[in-house]
Asks: 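Handing you this structure, nothing more for now.
Note on naming: letters A, B, ... go to the chains in the order of the sequence lines (proteins, then strands), and numbering restarts at 1 for each one. Heavy atoms only: backbone and side chains are in, while hydrogens, waters and symmetry mates are out. Since the structure is predicted, the reported quantities are computational estimates derived from the model, not experimental observations.
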Amino acid sequence: MSAAAHTHDQAHDHSHDHHEPGFIQKYIWSTDHKVIGVQYAISGLIFLLFGFMLMMLMRWSIAYPGQPIPGFTIISSIPGVGWIFEQAIGRWAPGGVINGELYNMLGAMHGTIMVFLGIVPLGFAGFVNFVMPLQIGTIDMAFPRLNMWSFWLFFISGIGMFASFFLGTGSVQTGWTMYSPLASTTNLAVTNIWLHGHTWWLLSMVFNISASLLGSVNVITTIINLRVKGMTWMRMPFFCWAMFVVAFLLLLAFPPLEVAALLQLSDRVFGSSFFLPTGLMEGGQHLDISGGGSPLLYQHLFWFLAHPEVYVLILPAFAILAEVIPANTRRPLWGYKAMVYGVLTLGFLSFLVWAHHMYLTGMGTMISTYFQITTVLISVPSVILLTGLMISLWGGSIRFTPQMLFASAFLPMFGIGGLTGLPLAFTFIDLALHDTYYVIAHFHYVVAPGTIFALFAGVYHWYPKVTGRIMNDFLGKLHFWPSLLGMNMIFAPMFIQGMAGFHRRWYDGGKYFEQTSGASNWFTELNSNFFALFGMEVSNSLLGLNVLVSFGAFILAIGQVPFILNFFLSVKGGKKVESDNPWNATTLEWAAPTPPPHGNFDFEPVVVRGPYEYSVPGMDQDYFPQWESEPGKRAEPSAAPAPAAAAHH
Amino acid sequence: MDIPYTVTARPDTGLYNAKVGIWLFLASEVMLFGGLFSSYIFLRVGADYPWPVHELNVTMGFINTLVLIGSSVTVLLAWASIKLRKFTAYKVYMAITIACAMTFMVIKSFEYRAKFTHYSATLTDGTILTGHLPHGFEIEFGGVNELTLTVAGRKSAVDADPVSYVLPYIKGDAPKFKTEDGKEITLDANSFAQLRAEAHGKAEAKAKADNMLQVPNWTIKLTAASPITFSFPPSKLLAKPALDAKSITFRDGTLIEGKIINDKMTLEVDGVDLRGTPEKDKSLAWNEHYLGSVWKNAFIHQRDEAIAEFNKEFNDGNGGTTRDPTKSASQQKKLFYMHIESATPAAHGEEGPKHSAEAHAPAEEHGAAHTHHPELHLERKDVLFYSNFTPKLNSYYAIYFTLTGLHGLHVIAGASVLAYFLIFDGRRLREDPEHMANRVEVGGLFWHFVDLVWIFLFPLLYLL
Amino acid sequence: MADSPEEIHKSIKKILWVGGLLVICTGLTVWLSFVELPTHSLNIIVGMILATIKAALVALIFMHLNHEKVIIYKFLFFTFAFVLALFLLFYFSSIDPLVFSQF
């Protein structure tokens with residue numbers, strides 16, 4: 001939280017005329033959308049890092065099964081930290097060797113934390129809270145107090161998830177999907193069913209869902225009702241459009257997950273059989289249940305959320321890039337209208353494709369054909385979005401700032417992720433690839449080098465507006481290149497392993513199945529020879545790729561160090577911005593003072609043109625901000641009703 | 001610096017903020033109940049047992065529906081009263097609305113309570129007996145001389161805590177125990193904490209001596225001064241005990257050895273459901289030590305009468321019937337479900353069990369209304385599954401409780417918001433009635449939604 | 001929105017009428033549920049039609065959906081589309097299981 005505090009120290013300068021609230025009111029119980037945005041973003045970053053560390057442990061277990069974690073004894077012997085580590089992780093790893101139970105916990109929590117506590121809070125809640133009200137020119141969100149509650153409910157859910165590691169049972173072990181019947185019946189033999197990692201997961205999810213509900217109601221209402229004078233729908237930056245759609249996805253897709261969580265809670269705690277079929281046996285014994293439920297019901301409810309959730313993860317990336325790319329190529333966003341309609345179509349279709357995650361559940365051919373069709377259909381709007389961003393690069397004079405590097409890396413990375421998804425849309429291919437590393441690689445290409453790169457781009461892009469200082473360029477590049485290398489080292493080999501049938505839940509990385517996982521090809525040979533250069537002996541087999549992947553993860557981890565340094569050091573040490581609009585961008589957030597005080601604008605902003613007027617022919621400067629009637633002159637409030645001066649490109 | 005459009009509507013959308021907000025929230029609620037109702041459909045389509053129809057108390061449901069409709073009307077009248085600036089009328093209408101919400105919840109709680117005390121036992125042949133368990137259901141396990149406690153070496157899901165999880169089930173007073181080193185103790189929180197610390201110390205010493213990676217679990221054996229008898233509901237155990245269990249593990253991992261003294265379930269039967277029994281005449285329920293042939297004959301008599309009645313009602317003129325009795329849920333219920341409302345069946349000449357209940361009325365003088373019902377001692381080997389009428393019983397009751405429970409939470413939430421308006425918003429009412437009217441309108445919208453959900457719940461759960 | 005006193009008096013009248021109608025419909029639903037129609041599915045369909053009528057009355061009159069702003073209709077339309085998808089696709093996938101004898 002310290003960075004949030006730092007960040008807003010400077011806000012004092014701009015807000016002397018206001019009643020000065022105390023520290024707690026200002027930074028803890030704040031109702032200011034900017035503070036809440038920063039709170040969300042920083043908690044999101046912390047959770048991303050935490051989820052990443054869980055993954056590092058998993059990668060160790062996969063690459064070196066049965067060998068103790070390096071540094072285990074050192075960490076365990078640090079007073080305080082050692083105790084926490086012992087309670088959360090160590091007690092499952094005798095001598096530092098990760099066992100299957102711990103691996104399952106790490107896997108489940110990695111997924112949950114990354115999706116629900118990392119990317120959504122940072123990508124959606126963080127950015128939308130900070131940027132969107134500024135972009136549409138309003139003073140705050142429509143319901144500031146609900147906004148505060150949204151953050152604190154989210155915070156409770158994060159604490160609940162984190163604390164579940166310390167319960168007697170450890171945290172939940174059934175994957176982030178929590179498939180019943182396994183998830184309804186495992187580990188019920190405990191002293192107290194309420195002090196159970198699984199129960200805490202479900203309850204935390206209920207808090208998380210409530211938080212996102214409040215947040216999305218707030219965002220939609222703000223966009224509908226609080227747009228500033230002249231900000232018509234089609235003058236709204238694409239960022240707001242995409243976030244508007246995301247908010248709708250959160251609003252309408254999350255409730256069925258809440259239902260699923262409540263029903264599963266009922267199954268576990270009250271012994272009901274929502275997801276348990278008749279005659280279910282476990283360990284050779286009939287369970288003490290009535291049966292009559294359906295595991296398929298759980299999957300339907302879960303994926304009804306979780307597929308739109310995929311777009312909740314990716315659309316903030318497009319939203320951010322639609323701001324970053326035009327500002328750095330000095331070109332208008334290509335196909336603004338097409339992208340707006342594309343994102344709306346994408347949002348609509350995303351509700352109708354969920355069961356493509358369930359081809360293996362025994363759905364009939366009729367219904368799975370339907371889902372194959374919609375799944376292939378949804379790639380059309382996705383391609384429109386990606387194409388729009390890609391063509392925006394054409395003929396631009398690109399400034400390779402760190403945010404632009406991340407943005408330009410996003411495009412091919414998302415492309416790989418998207419294209420490898422197409423085969424999975426078909427049942428006959430999915431039957432073979434389901435739950436293999438191929439799937440892991442596919443969706444990680446979308447969300448890791450895809451979304452997370454875009455989120456980094458967003459952090460570099462808006463950091464000057466939040467703090468008044470620009471993040472260091474060199475450290476930014478030092479962050480980008482290892483990240484790009486690490487990401488590809490992690491996920492590219494997974495395609496090869498996946499097609500060879502490596503299952504995503506093998507905690508030993510496939511060592512037990514050496515007869516199949518021991519196969520080799522030219523790539524494994526290359527891999528083995530590569531490591532031989534460094535004097536390391538890595539087997540010439542698909543198993544050997546595990547080592548490569550884990551090294552990739554290590555490089556990625558090292559690559560984040562410059563970012564963390566940059567993030568904290570630039571608060572005080574970064575280069576000060578010379579104007580309120582350091583990137584010479586066109587959207588309204590750059591018209592506000594830096595950092596924006598409580599209440600945002602020091603003049604009454606009025607919008608007179610579209611959001612991406614870059615390199616307008618015949619102008620001296622290469623950008624024409626939304627709020628200027630002529631270059632360098634703010635539009636008067638009376639100018640608003642006038643039609644837009646220039647059409648979209 | 002105020003947020004615009006909190007009171008007046010924005011000209012181009014025609015809406016004030018809260019109204020957009022509440023409709024979005026309701027859209028989300030539609031999805032929530034949409035998910036629940038689609039679960040209902042999914043469970044009902046896939047049910048492998050006769051879906052209960054008219055099993056709940058229709059009168060109570062009906063009254064509750066009227067109460068909710070009434071409150072929906074009064075909340076609108078409250079809003080209209082503010083618009084007309086009749087503040088007293090507003091307060092009265094609002095108070096009526098909240099009173100209606102409370103009435104609804106009180107009626108609901110009576111419905112719930114009746115279900116918690118009513119049990120259903122499925123026998124191994126599919127026969128279902130319903131009734132009350134006058135003493136609950138507890139297994140008596142005796143001849144226990146020793147408790148084996150397991151103290152977990154590291155924080156664990158199952159760890160010895162006999163004070164909370166074992167002692168409550170000892171029949172009579174807990175005896176004195178002897179520890180392994182011969183000390184005599186009374187088992188309570190203090191003495192156990194001491195034992196635990198000792199065990200942990202020993203385990204740590206052993207781990208050090210043997211160079212073990214983790215502190216091992218340590219068992220403590222406590223010898224009882226006199227043999228103990230335990231009595232516990234099977235659900236309190238770590239795992240379901242086998243039929244001839246020689247040892248029992250409590251939830252905290254404590255193990256006892258002995259033998260089962262009594263595991264018969266005493267059930268005061270008030271209904272026999274044979275719809276799931278393949279051979280109705282050979283049901284376990286007709287065993288002589290259960291209901292016996294007297295009740296079997298009563299059942300056959302009732303069934304024959306129902307068949308005759310059915311044949312008469314749907315006579316097609318050629319000796320057949322116009323409807324297929326196997327396809328009529330209510331007919332199946334008439335045929336194979338028998339209410340039992342007396343200790344012995346009515347003689348065939350008499351009208352029905354209802355009359356006989358009156359005939360047996362003097363039994364109440366004994367002070368036990370239960371004696372109206374035959375008391376069976378079911379052997380555990382005959383009982384496949386038993387539960388009270390809670391979510392555990394079947395997917396119908398599971399979805400019933402989930403739907404009505406969530407709806408109830410919405411009622412409480414809505415009523416609390418309205419009560420807040422009534423009690424704490426007096427100043428706004430006087431100074432800014434237009435804003436107050438907006439608030440009441442928004443609160444009212446939520447309240448109507450709660451009513452709307454009930455409109456679907458009532459027929460789906462109570463009637464159809 | 002009814003804002004002048006006359007209009008409000010008028011709408012109060014309407015509200016009371018609709019309230020009465022709802023009570024009658026509820027009574028009708030209960031009565032019909034005890035009438036044995038040729039199949040139980042028919043009972044369900046009739047009951048659900050009545051419930052939908054009641055719900056429509058509440059939504060249109062009590063919740064003023066008969067004269068609401070366009071934007072609310074817009075997002076409610078999508079909500080209902082998704083709920084319908086939820087119902088139908090759940091239903092279809094539960095009645096269309098993979099039958100192995102087809103292979």
Asks: Heavy-atom cut-off 4.5 Å, strictly under: side chain, backbone, both or neither for Ala239(B) against chain A?
Replies: neither
Asks: Ignoring hydrogens and geometry, is there a side-chain-to-backbone donor-acceptor pair from Arg91(A) to Arg154(B) under 3.5 Å?
Replies: no
Asks: What residues of residues 31-38 of chain B sit under 4.5 Å from chain A when only non-hydrogen atoms are counted?
Replies: Met31(B), Leu32(B), Gly35(B), Leu36(B)
Asks: State, to 0.1 Å, how close Leu43(B) and Gly292(A) come at their nearest heavy-atom pair, and which atoms those are.
Replies: CD2-O, 4.2 Å
Asks: Do you see a donor-acceptor pair shorter than 3.5 Å between the side chains of Thr221(A) and Asn17(B)?
Replies: no
Asks: Check whether Ile399(B) gets within reach of chain A through its side chain, its backbone, both or neither, counting any heavy atom under 4.5 Å.
Replies: both
Asks: What I'd like to find out is whether the side chain of Phe248(A) reaches to under 4.5 Å of the side chain of Leu24(B), using heavy atoms alone.
Replies: yes
Asks: Heavy-atom distance under 4.5 Å to chain B: side chain of Ile224(A), backbone, both or neither?
Replies: both
Asks: Under 4.5 Å heavy-atom distance to chain A, tell me which part of Asp161(B) shows up: side chain, backbone, both or neither.
Replies: neither
Asks: Side chain, backbone, both or neither: which part of Leu195(A) has a non-hydrogen atom closer than 4.5 Å to chain B?
Replies: neither
Asks: If we define contacts as heavy-atom pairs under 4.5 Å, which of Phe270(A), Phe254(A), Phe274(A), Phe304(A) has the most with chain B?
Replies: Phe274(A)
Asks: Chain A heavy atoms under 4.5 Å from Phe42(B): which part of the residue, side chain, backbone, both or neither?
Replies: side chain
Asks: Taking NZ, NE, NH1 and NH2 as the nitrogens, is one of them in Glu86(A) or Lys155(B) under 4.0 Å from a carboxylate oxygen of the other?
Replies: no
Asks: List for me each residue that meets ring pair (Phe, Tyr, Trp, His ring centres under 6.0 Å) alongside Trp51(B), sequence neighbours excluded, and say none if there are none.
Replies: Tyr40(B), Tyr396(B)
Asks: Answer with side chain, backbone, both or neither: which region of Leu226(A) has an atom nearer than 4.5 Å to a non-hydrogen atom of chain B?
Replies: both
